[in-house]
Asker: 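The structure follows.
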Amino acid sequence: MLSGLFVAAFITLPSFGKILHSAADLKDYDFVVIGAGPGGSAVSNRLTEDPSVSVLIIEAGGANNDVITIDVPLLCTMLTPNTQWDWNYTTTPQPNLNDRVLPFPRGLGLGGTSAVNCLVYTRGSKQNIDRWAELSGDPSWGWDAMLPYFKKSEKFNFPVDGHNITGQFDPAFHGFEGYIGVSVPGAGRAIDDRVIQTTQESAEFPFSIDPNTGDHLGVSWVQALIDRGVRSDAAAYLSPEVIARKNLDVLLNTRVSRILSSSNDLFNVVQYLNSADGTLKTIRAGKEVILSAGAVGTPSILLHSGIGNATALASLGVKPLVDLPSVGQNLTDHIGVSSTWLVNSTLTYDTVLRNQTLAEELLQQWKETKTGIYVDTSENHLAFLRLPENSTVLKEFGDPAAGNETAHYEFLFQNGLNSVTASGNYLNIPAGNVSPKSTGAVTINSTDPFDAPLIDPGLLSHPVDIAVLREAVKSAHRFVQAAAWGGYILQDLTNATTDADIEEFIRENAVSFFHPVATAAMSPFNTTNWGVVNPDLKVKGVKGLRIVDASVAPSLPAAHTSAAVYGIAEHAADIIKAEYGFL
Ligand SMILES: Cc1cc2nc3c(=O)[nH]c(=O)nc-3n(C[C@H](O)[C@H](O)[C@H](O)COP(=O)(O)OP(=O)(O)OC[C@H]3O[C@@H](n4cnc5c(N)ncnc54)[C@H](O)[C@@H]3O)c2cc1C
Ligand SMILES: *[C@@H]1O[C@H](CO)[C@@H](O)[C@H](O)[C@H]1NC(C)=O
Ligand SMILES: *[C@@H]1O[C@H](CO)[C@@H](O)[C@H](O)[C@H]1NC(C)=O
Ligand SMILES: *[C@@H]1O[C@H](CO)[C@@H](O)[C@H](O)[C@H]1NC(C)=O
Ligand SMILES: *[C@@H]1O[C@H](CO)[C@@H](O)[C@H](O)[C@H]1NC(C)=O
Ligand SMILES: *[C@@H]1O[C@H](CO)[C@@H](O)[C@H](O)[C@H]1NC(C)=O
Ligand SMILES: *[C@@H]1O[C@H](CO)[C@@H](O)[C@H](O)[C@H]1NC(C)=O
Ligand SMILES: *[C@@H]1O[C@H](CO)[C@@H](O)[C@H](O)[C@H]1NC(C)=O
Ligand SMILES: *[C@@H]1O[C@H](CO)[C@@H](O)[C@H](O)[C@H]1NC(C)=O
Ligand SMILES: *[C@@H]1O[C@H](CO)[C@@H](O)[C@H](O)[C@H]1NC(C)=O
Ligand SMILES: *[C@@H]1O[C@H](CO)[C@@H](O)[C@H](O)[C@H]1NC(C)=O
Ligand SMILES: *[C@@H]1O[C@H](CO)[C@@H](O)[C@H](O)[C@H]1NC(C)=O
């Protein structure tokens with residue numbers, strides 16, 4: 001990899017505001033927020049807009065300041081797995097993937113997983129978000145009510161190369177004054193014209209001006225979480241100016257172990273590991289604890305706190321306090337597999353990856369002018385597509401998508417591989433099943449809150465999911481049969497043509513797309529037989545505890561998930577403000 005050779009990764013501690021490095025400096029707070037990912041950062045920012053409201057964020061990782069590997073969009077694939085910014089989790093062996101154990105990265109530090117992800121900004125279809133309203137029984141979680149929150153979080157910005165982006169996005173569906181930067185690509189890639197030409201040649205792959213309008217079907221320019229050529233993650237909600245607010249503190253490098261109750265059903269005390277002396281300490285929130293530890297961290301903390309399936313907790317030796325069997329259950333994730341072709345070109349990322357001089361020049365260009373290919377994520381185009389309506393897969397299994405205008409699968413069009421190869425240039429098209437029926441669970445198998453949870457996304461456990469992915473692989477192969485690719489494709493490296501062979505190729509090669517949700521899902525008020533939080537995001541059956549992160553999404557949108565979490569957090573902040581009468 002490039003990293004050790006020339007990428008300087010260093011952390012400087014900020015001199016501004018109140019980033020605390022020691023629990024000795026803590027005061028009293030109205031809200032104690034656990035985790036500084038999209039959920040925790042956004043809700044903390046909005047709550048502290050009211051100067052009378054005090055918030056402490058407790059984050060397990062560090063500041064992640066000035067880490068060039070994080071800041072350069074194109075280097076995103078170097079951030080995980082098993083780095084200093086990762087929790088280094090793996091899945092349990094996946095029986096439908098030939099028992100493979102997959103990496104399951106989760107970000108550590110300010111920004112959480114949004115600091116290590118690959119930046120693609122997608123909200124899903126209108127039908128996806130309307131499904132949240134249906135499942136939660138609350139129309140305020142539907143598309144029409146959520147669109148203003150998606151926009152509120154967003155700071156759409158014009159790409160660094162200054163090209164005219166008319167026709168590459170629809171401004172009516174974007175926000176320009178929020179915190180997280182969103183941009184279409186700021187540097188051309190050599191395959192761009194062929195991708196666009198394919199949309200003109202093939203009815204199967206129509207062009208769509210914008211994947212974030214609620215109607216997401218088609219091939220679009222990628223919108224990515226980038227602000228003038230630099231990664232924009234949840235730490236944008238905790239900029240120096242925001243952290244300088246007198247009512248917001250952030251305690252870093254501190255792991256939360258449990259939520260404790262101070263009396264009966266009032267769960268407002270956070271127990272954490274004091275890094276200075278290795279002892280467990282507690283802090284009580286004046287008003288509420290907000291859990292934003294993500295779709296893995298949140299259920300794990302709940303379970304260690306005795307909130308979960310009482311039978312399962314008791315048999316493990318954790319004292320059950322609140323019987324909520326859905327905690328950790330219904331984990332839903334995306335799975336994908338890449339199709340790769342050897343191509344007749346040298347103008348791919350492969351050429352950069354095996355030439356350190358060139359890579360250094362491009363990095364230098366990024367540092368000096370924030371231009372060049374390092375300003376973008378791994379692809380300039382993506383597609384959200386459905387199986388044909390007469391597909392035998394839909395006949396056999398019914399439609400797994402949230403509706404007739406919601407994608408079954410997604411493509412990312414990558415001009416080269418992301419790993420160093422000895423020779424050759426490549427076209428790589430990861431295809432993801434974005435409307436999976438499979439579900440799994442996050443569970444614990446020890447009473448030690450610092451042990452890793454067991455993560456079983458249950459990938460391909462429902463038979464429709466491999467059928468959809470198989471059809472997606474075939475569709476990717478049709479994509480490159482368009483005339484646009486004539487003279488370009490040299491060799492298909494998938495080596496599978498029959499359905500059975502493609503399915504085996506999938507079982508052997510597919511990976512998680514790392515979009516877990518629903519492990520502390522919303523269900524309607526007064527529904528007690530499933531769900532973890534009510535539509536106001538308060539944990540059912542207890543007081544003083546709310547959840548604001550990916551785990552509350554009751555279903556997985558056909559999309560990369562961070563946009564959803566920013567929207568959830570913006571909405572959550574308004575719910576809390578209204579409840580207490582905050583500004
Ligand atoms: C490799 C990868 C690529 C991805 N690509 C994309 C993409 O291109 N586009 C996209 O939109 N999404 C992508 N995602 C998913 C996206 O980043 C997540 O959906 C999103 O970050 C979830 O936000 P969250 O606030 O729920 O949790 P997180 O971002 O995971 O934040 C949780 C925070 O809580 C902290 N925490 C956890 N446990 C504790 C504890 N016990 N004590 C204290 N702190 C704790 C963590 O350190 C972390 O900072 C990707 C994810 C991965 C892993
Ligand atoms: C993950 O592994 C990296 C590399 O070994 C290490 O630096 C980091 O601290 C690990 N993360 C955690 C949460 O232990
Ligand atoms: C950008 O292109 C559109 C349509 O192609 C055109 O109408 C518009 O004037 C252009 N904008 C600028 C600033 O050149
Ligand atoms: C709770 O866990 C037990 C033991 O693992 C399991 O048998 C039971 O089905 C679970 N209950 C619910 C309601 O999921
Ligand atoms: C999973 O979610 C569905 C709704 O999508 C719900 O009907 C079901 O009860 C949930 N299961 C659990 C264990 O929470
Ligand atoms: C590597 O890149 C440099 C800088 O662009 C170029 O001069 C050199 O010829 C390249 N080396 C190879 C082997 O292509
Ligand atoms: C679906 O319809 C298309 C176009 O009408 C047709 O070519 C194809 O054979 C049909 N497929 C099936 C499985 O019926
Ligand atoms: C989807 O279904 C709705 C309701 O039946 C219908 O109005 C709409 O036209 C359909 N959309 C497509 C793309 O077929
Ligand atoms: C818990 O799971 C981990 C990871 O699979 C495993 O290493 C460990 O042995 C398990 N512990 C128990 C008590 O089963
Ligand atoms: C490779 O591309 C060149 C033109 O760029 C063309 O002349 C040649 O025929 C192509 N080779 C193959 C094998 O398609
Ligand atoms: C497919 O075959 C080619 C040529 O034999 C080989 O280089 C490549 O690794 C194979 N790909 C897979 C996914 O097995
Ligand atoms: C939930 O039930 C309580 C008590 O039965 C009732 O007062 C309340 O209105 C219900 N809430 C909703 C949203 O249905």
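Residue numbers count from 1 along this sequence. Worth saying up front: this structure is predicted, and the values here are computed from it rather than measured. As the structure lists them, so they are numbered: ligands from 1, and atoms in each ligand from 1.
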Asker: Under 4.0 Å from a heavy atom of Ser292: which atoms of ligand 1 are those, numbered in the order shown and with their elements?
Answerer: 32 (C), 33 (C), 34 (O)
Asker: With a 4.0 Å heavy-atom cut-off (strictly under), which part of Val565 contacts ligand 1: side chain, backbone, both or neither?
Answerer: side chain
Asker: I'd like to know if Glu154 and Arg123 make a salt bridge, using a cut-off of under 4.0 Å between side-chain N and carboxylate O.
Answerer: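 Yes, charged N to carboxylate O under 4.0 Å.
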Asker: Kindly state if atom 2 (O) of ligand 7 has a protein heavy atom within a strict 4.0 Å cut-off, that is, under 4.0 Å?
Answerer: yes
Asker: With a cutoff of 4.0 Å, is Trp87 in contact with ligand 1, counting heavy atoms of the residue only?
Answerer: yes
Asker: Could you check whether any side-chain N or O of Thr519 sits under 3.5 Å from a backbone N or O of Gly328, counting only pairs where one atom can act as donor and the other as acceptor?
Answerer: no
Asker: Measure the shortest side-chain to side-chain distance between Asn433 and Phe513 over non-hydrogen atoms and say whether it is less than 4.5 angstrom.
Answerer: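 Heavy-atom side-chain distance check fails, nothing below 4.5 Å.
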Asker: Are the side chains of Tyr237 and Val242 in touch, meaning some heavy atoms are under 4.5 Å apart?
Answerer: no
Asker: So, are Lys474 and Glu471 salt-bridged, with charged N and O less than 4.0 Å apart?
Answerer: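 The answer is yes: the pair qualifies as a salt bridge.
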Asker: Which of parallel (below 30°), tilted (30 to 60°) and perpendicular (above 60°) describes His334 and His515?
Answerer: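 Because their plane-to-plane angle is over 60°, the rings of His334 and His515 count as perpendicular.
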Asker: In the complex you have, is atom 14 (O) of ligand 7 within reach of the protein, judged by whether a heavy-atom distance drops under 4.0 Å?
Answerer: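 So atom 14 (O) of ligand 7 has protein heavy-atom neighbours under 4.0 Å.
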Asker: Within less than 4.0 angstrom of ligand 1, does Thr254 place any heavy atom?
Answerer: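 True for this residue.
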Asker: Counting heavy atoms only, which part of Thr80 comes closer than 4.0 Å to ligand 1: side chain, backbone, both or neither?
Answerer: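 It is the side chain that touches ligand 1; the backbone stays farther off.
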Asker: Does the protein place a non-hydrogen atom closer than 4.0 angstrom to atom 7 (O) of ligand 7?
Answerer: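 Neighbour list for atom 7 (O) of ligand 7 is empty of protein heavy atoms (cut-off 4.0 Å).
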Asker: Could you see which bit of Pro449 sits under 4.0 Å from ligand 1, with heavy atoms only: side chain, backbone, both or neither?
Answerer: neither
Asker: Do Arg470 and Asp499 sit within salt-bridge range, that is, some charged N less than 4.0 Å from a carboxylate O?
Answerer: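 Looking at Arg470 and Asp499, the cut-off is met.
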Asker: Could you give the distance from CG (Asp549) to OG (Ser41), rounded to the nearest 0.5 Å?
Answerer: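 Output value for this atom pair is 11.5 Å.
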Asker: Considering only heavy atoms of Gly107, which atoms of ligand 1 have at least one such atom less than 4.0 Å away?
Answerer: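 Taking each heavy atom of Gly107 in turn, ligand 1 has 46 (C), 47 (O), 48 (C), 49 (O) under 4.0 Å.
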Asker: For ligand 1, note which part of Leu119 has a heavy atom under 4.0 Å away: side chain, backbone, both or neither.
Answerer: backbone
Asker: Please state whether Ser41 comes within less than 4.0 angstrom of ligand 1, counting heavy atoms only.
Answerer: no
Asker: Which atoms of ligand 7 sit under 4.0 Å from any heavy atom of Asn390?
Answerer: 1 (C), 2 (O), 3 (C), 8 (C), 10 (C), 11 (N), 12 (C), 13 (C), 14 (O)
Asker: Is any NZ, NE, NH1 or NH2 atom of the basic residue among Asp227 and Lys155 found under 4.0 Å from an Asp or Glu carboxylate oxygen of the other?
Answerer: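 Judged by the 4.0 Å cut-off on N to carboxylate O distance, Asp227 and Lys155 do form a salt bridge.
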Asker: Run the numbers for me: atoms of ligand 1, each under 4.0 Å from some heavy atom of Leu108, listed by number.
Answerer: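 Matching atoms, with element in brackets: 47 (O).
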Asker: Who's the nearest protein heavy-atom neighbour of atom 11 (N) of ligand 5, and how far?
Answerer: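 Of the protein heavy atoms, Asn330 ND2, 3.1 Å lies nearest.
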